[in-house]
Amino acid sequence: MSIKELRTKAKDAGFDISPRANKIDNQLANDIKQALTGTNQESTETKAEQPAKAVQLPEFIKVRDFAELLNLPATEVIKTLIMNGVMATINEEIDFDTATIIAEDLGFSVNQEKTQSNSQIGVGFLQEQLAAEEQSDLQPRPPIVAVMGHVDHGKTTLLDAIRETNVVAGESGGITQHIGAYQIKVKDQLITFLDTPGHEAFVEMRARGANVTDLIILVVAADDSVRPQTIEVINRAKFTNTPIIVAINKIDKPTANIPKVKQELSEHGILTEDWGGKVIAVEISAKQNQNIDKLLEMILLQSEIENFSANPQGKILGTVVESHLSQGQGPVATVIIQNGTLKTSDIVVAGIGHGRVKSLEDEHGNKLKSAGPSRPVLISGFSDLPEAGDILQTTENLDQARELSLIAKKIKRSRRLTARPKLQGDSDNKSLNLILKADVAGSLEAIKQSFAKLHNDEVQINILSEGVGEVNENDVLLAESTKATVLAFSVKANSKAENLAKQKNVSIDHYTVIYELLENVTNAVIEMFTPEMERVSFGRGEILEVFMTTKTVMIIGGKVKTGEIRKKAPIAILRPDSEGELAEVGRAEIEELQQNKVTTKEVSEGNEFGMKLKTKVRLQAGDILESFEENLKQKTL
């Protein structure tokens, strides 16, 4: 029909189209066609009568290949994508979730394609391979130990004490390079320590489900007892089923209270042996090197009980602890070998990196010909940089390794493109509105209990709705009206809810790892905290003499008492008050700073200086000048 006729009939049917409009959107066009001809309705009914055809979709697929798989014209697929708010050309790739919605809209049922190669790059594959080794081939291996605990409780001091006093016999010069892990020898037995306490690699590995740690040394300060990060480590150990040995540190301090530490640990399910439990506790002083040898003996004892073993002649497997780009070697990675024996010239793949092993180095920088179970080793020869938590394995040839790394690249790209936006709350009202959906009631309860631990006086977490089962349209509508985010733990959203969420611009965040969910919520809460102003003092100097005074500029001479005076840093002018306490009476800006009549950028402790200051304060001999800077510091839970 003509445009004029179409306008008239559409208006008669109740559709209000502007006289100036020469285009309308697909949804409106579809509604008009259905109202005037009934064509769409009939085709829908016909489609409904036929059973849905099943298709298998990969994690990532090009629109052209997608159309061929559905045996439909590419134009029809692109049209359906646009109607769902996805602008994609014939050569662009879409993710599995998007393809599923489109396929279901077009009358197909969907299953995710599982390839053998896909399963060979994950943590599950590693566990399966380790479990498949013949018991008769297994041999004892050194334990892999991580030292963890609350900040300032002495993790680094303990690691330093162990490293300095127990470096593997025969090595001169100690550890010369940081590769994220090292080995020590105790009574002719080796122990591998992960030298990354509190490192982001642990967070990354945890989020991806990797757990390379056999034992956790939980460091608790005897004068501070159980703190938030202590509880975090306990929860991590429970979640990964990793044995704990408690190292009660700083027992040399007069304020040490060991019974209090053990009591508070018991409140979180850690019962030490003298409290009727099975957890070994060793009282130490890392600073004084007290009882370190006893702690190491307990590690060996616990290892004997746990019976850590591997097959040195079996399939070569390992986990990447950390990686970086080396100026001379290109992409390098620290890997803990967990099974088999890796040799130079072996062909390896780890995540998106593959290649032939060019060199193996230990923590001393020594070149190795091979590395067996529990050995930390720095590997060079990768094509790309693997990530912490990636599984390393060997392949028969470079083509096979290249194929596996290509699959990892596609998955990584898919995850990057489909990554959820950062969880955000209402910063104005200091609140985070959430709708919780989980697979089972137990998961729901665990998440809610974890949220209770995030309670604080500034930001409110509001769980507006909770339930078991898939995300539905009601969840999306509630999220829209309350500006909430839907958190879906181990459940999917039905296709109608997905479509509605896109129309209403509602975020549905999917999780399968509880710690990843908690970390995102924790970060969202922290980001809403009002930052604090933190003042850092570089040093103080005393004015010895005032040489010249004007309304805004003064020339003075002085001496640095502590730290250093920096030219670019602001100056606080401090003067004793009536009670003799130093109080700030004003601020100044350094226009020129000299030492021995030579212009300089800074003057250090014990040296005299000359200074030209811009200030409105009348300076006096005896005033203290403090060089400082102020930074906004994000508060944490």
Side-chain angles (χ1 to χ4, degrees), residues 97 151 200 203-204 206-208 227-229 231-236 239 415-416 418-494 497-498 500-534 632-637:
D97 290 335
V151 65
E200 58 269 16
V203 177
E204 178 65 22
R206 181 179 68 188
R208 300 176 65 190
R227 305 289 291 150
Q229 282 173 286
I231 300 165
E232 224 176 80
V233 175
I234 292 169
N235 290 337
R236 179 188 187 278
F239 182 69
R415 284 173 181 160
R416 187 177 70 248
T418 60
R420 68 182 69 84
K422 190 163 61 174
L423 187 61
Q424 291 182 326
D426 185 349
S427 297
D428 295 333
N429 296 315
K430 302 286 185 184
S431 64
L432 182 64
N433 292 341
L434 301 172
I435 293 167
L436 283 182
K437 296 303 285 281
D439 52 347
V440 291
S443 300
L444 201 63
E445 198 56 38
I447 293 167
K448 284 167 60 185
Q449 285 177 5
S450 299
F451 284 177
K453 296 172 186 174
L454 301 179
H455 176 75
N456 62 88
D457 296 326
E458 190 171 351
V459 177
Q460 182 73 32
I461 298 176
N462 301 317
I463 300 175
L464 305 177
S465 174
E466 60 184 76
V468 173
E470 67 179 11
V471 178
N472 56 44
E473 300 95 302
N474 290 336
D475 298 321
V476 175
L477 291 171
L478 177 61
E480 185 209 13
S481 62
T482 56
K483 295 181 180 177
T485 299
V486 181
L487 302 183
F489 182 75
S490 293
V491 292
K492 289 186 175 182
N494 64 42
E498 286 278 9
L500 189 61
K502 287 182 179 178
Q503 290 173 24
K504 303 292 186 183
N505 200 25
V506 168
S507 293
I508 302 176
D509 287 3
H510 294 274
Y511 299 86
T512 54
V513 180
I514 195 166
Y515 277 100
E516 190 180 340
L517 183 153
L518 296 178
E519 280 168 5
N520 283 1
V521 172
T522 303
N523 290 337
V525 171
I526 288 171
E527 285 192 3
M528 282 189 280
F529 285 151
T530 305
E532 297 174 314
M533 188 66 78
E534 182 182 47
L632 279 176
K633 182 186 176 185
Q634 183 66 54
K635 286 193 285 188
T636 59
L637 280 164

Full working for side chain to side chain contact (heavy atoms under 4.5 Å, CB included) between Tyr511 and Leu518: CA-CA 10 Å; Tyr511 299 86; Leu518 296 178; over 6 Å; no
Atom [atom1] in [X], atom [atom2] in [Y]: separation rounded to 0.5 Å?
X: Phe529; Y: Asn456; atom1: CZ; atom2: CG; value: 4.0 Å
X: Thr482; Y: Leu477; atom1: OG1; atom2: CG; value: 10.5 Å
X: Ser507; Y: Glu480; atom1: OG; atom2: CD; value: 12.5 Å
X: Ile461; Y: Thr522; atom1: CD1; atom2: OG1; value: 7.5 Å
X: Leu444; Y: Gln449; atom1: CG; atom2: CD; value: 10.5 Å

Specify the closest pair of heavy atoms between [X] and [Y], including all atoms of both residues, with the distance to one decimal.
X: Ala479; Y: Val486; answer: CB-CG2, 3.9 Å
X: Ala497; Y: Ile508; answer: O-CD1, 4.3 Å
X: Val506; Y: Ala484; answer: CG1-O, 4.5 Å

Go through Asn235 and Lys453 one step at a time and tell me if the side chain to side chain contact (heavy atoms under 4.5 Å, CB included) criterion holds. CA-CA 12 Å; Asn235 290 337; Lys453 296 172 186 174; 3.6 Å; yes
How about Asn433 and Asp426: do any of their side-chain heavy atoms sit closer than 4.5 Å? no
With heavy-atom distances below 4.5 Å as the criterion, would you say the side chains of Leu487 and Asn520 are in contact? no
Given Met528 and Leu432, is the side chain to side chain contact (heavy atoms under 4.5 Å, CB included) satisfied, shown in steps? CA-CA 9 Å; Met528 282 189 280; Leu432 182 64; 3.9 Å; yes
Any donor-acceptor N/O pair, Asp439 side chain to Ser490 backbone, under 3.5 Å: no
For the pair Leu436 and Phe489, evaluate side chain to side chain contact (heavy atoms under 4.5 Å, CB included) and give the outcome as yes or no after the intermediate values. CA-CA 8 Å; Leu436 283 182; Phe489 182 75; over 6 Å; no
Should the heavy atoms of other residues, nucleotides or ligands under 6.0 Å from NZ of Lys430 be counted, would the total exceed 12? yes
Please table the atom pairs, donor to acceptor, closer than 3.5 Å between any side-chain atom in residues 463-476 and protein atoms at least two apart or in another chain.
residue	atom	partner	partner atom	Å
Glu466	OE1	Lys448	NZ	3.3
Glu466	OE2	Lys448	NZ	3.0
Glu470	OE2	Asn494	ND2	3.4
Asn472	OD1	Asn474	N	3.1
Asn472	OD1	Asp475	N	3.0
Asp475	OD2	Lys437	NZ	2.8
Asp475	OD2	Asn472	N	3.0

